[in-house]
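Numbers restart at 1 for each chain; the letters A, B, ... are given by sequence-line order, proteins then strands.
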Amino acid sequence: MTRARWPLEDYDLAATLTSGQAFRWSRSGPAWEGVVAGRWVRLEASGDQLSAEVSEPVSDWAWLEHYLGLPESLPSILATFPKDAPMAAAISACHGLRLLRQEPWECLASFILSSTKQIVQIQQCVALLSERFGDRLPVPMGKPAAYSFPTRARLAAATELELRACKLGFRARYLAGAARALASGELSLDRLGNLPTPDARDQLMKLPGVGPKIANCVLLFAYGRQDAFPVDVWVLRALRELYFPRRRPNLRTLQRFAETYFGPNAGYAQQYLFHYVRTKR
DNA sequence: TACCAGGAGAGCG
DNA sequence: CGCTCTCATGGT
């Protein structure tokens with residue numbers, strides 16, 4: 001089977017795919033085309049249905065359901081958010097916004113090269129890396145070429161200069177260092193899944209180019225740690241404006257506040273705040 | 001032309 | 001610690 005359908009409830013596909021968590025999706029008319037788990041995928045949401053199309057027959061769609069978080073119930077997550085005015089505004093502005101569950105290596109690599117870059121630039125870097133170091137994937141007739149995201153081993157073997165040619169700039173050294181540390185077995189992304197969130201975060205931060213923000217992005221967007229709360233400048237601004245309009249708490253203070261105040265799904269709440277402040281201007 | 005985006009890491013008091 | 005500067009690149 002190359003097509004599948006699901007009922008869709010409380011799911012804004014466009015907002016989810018463009019909310020700065022994944023960087024491989026491009027709009028194609030009413031649909032979205034991208035690469036998930038080494039497969040070319042076309043997604044279209046119409047009314048209360050989601051349809052997916054892939055280029056080669058598959059017998060099991062669990063990989064895509066997992067990526068999209070389809071089994072997850074959004075209302076029960078939103079119910080854990082604090083009941084305050086800023087959160088209420090964010091929820092009503094971003095109805096159906098979801099968290100994806102991405103492959104850890106691709107997510108980590110994407111966020112290592114994300115620092116000081118806008119979403120379009122990150123998309124461009126990821127596309128260049130995939131084109132040059134990934135494998136060409138089968139696509140339906142007439143579609144532009146698509147490539148898998150390069151493996152750690154492949155990027156570990158690349159020179160820093162080759163990575164710089166993908167417009168990574170000073171992040172090329174970080175990505176090469178992280179790819180090599182993982183390829184050598186010095187650190188295993190698989191083992192992180194079994195660790196408590198703070199320990200997993202410490203492990204990630206041993207990698208070059210990975211600080212608290214990027215570690216939290218990976219925990220949230222790839223490992224499903226919905227308590228991880230990435231604070232970038234947008235969220236920093238939002239927290240200060242919405243919750244501390246008079247004082248000016250520093251990053252550390254806000255980080256601690258966020259992790260307790262927003263509850264067990266703090267990271268999910270963060271995504272709502274992030275998307276809310278980014279789209280309202 | 002000069003300046004800005006916006007995360008990690010190094011350097012400094 | 002906590003602040004400040006630098007890093008590469010494309011856009012204004």
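- Summarising the hydrophobic clusters (Ile, Leu, Val, Met, Phe, Trp, Tyr; side-chain heavy atoms under 4.5 Å, direct or chained), the residues clustered with A:Val139 are A:Trp40.
- Checking A:Asp12, A:Asp10, A:Thr16 one by one against A:Leu97, the side-chain contact (heavy atoms from CB on, under 4.5 Å) holds for a single residue, A:Thr16.
- Across the protein-nucleic acid pair, A:Leu204 atom CG and B:dG7 atom P stand 17 Å apart, rounded to whole Å.
- Ion pairing between A:Glu162 and A:Arg132 fails under the 4.0 Å rule for side-chain N and carboxylate O.
- Each of A:Tyr67, A:Trp32, A:Trp63 was checked for a side-chain contact (heavy atoms from CB on, under 4.5 Å) with A:Val41, and the lone residue meeting it is A:Trp63.
- Here the C1' atom of nucleotide B:dA8 and the CG atom of A:Leu236 are 15 Å apart, to the nearest Å.
- The same atom, P, is picked in B:dA8 and in C:dG10; the two are 22 Å apart, to the nearest Å.
- Rounded to whole angstrom, the span from the CD atom of A:Gln255 across to the C1' atom of C:dG2 amounts to 16 Å.
- A:Phe111 places its CZ atom 14 Å from the P atom of B:dG6, with the value rounded to the nearest Å.
- As rounded to whole Å, 6 Å separates atom P of C:dC3 from atom CG of A:Asn250.
- In this entry the distance linking CZ of A:Arg252 with P of C:dG2 reads 7 Å, nearest Å.
- Looking at heavy atoms from C-beta onward, A:Pro230 lies out of side-chain contact with A:Val235 at the 4.5 angstrom threshold.
- Listed by chain and number, the residues in a salt bridge (Lys or Arg N to Asp or Glu O under 4.0 Å) with A:Lys206 amount to none (sequence neighbours excluded).
- When heavy atoms are screened at a 4.0 angstrom cut-off, A:Val120 is found touching no nucleic acid atom at all.
- In this structure, CG of A:Asp232 is placed 5 Å from P of B:dG7, rounded to the nearest angstrom.
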Contact state string [nucleotides 7-12 of chain C, B base, S sugar-phosphate only, - no protein heavy atom under 4.0 Å]
BB-S--
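- In this structure, A:Ile119 atom CD1 and B:dG7 atom C1' are separated by 15 Å, rounded to whole Å.
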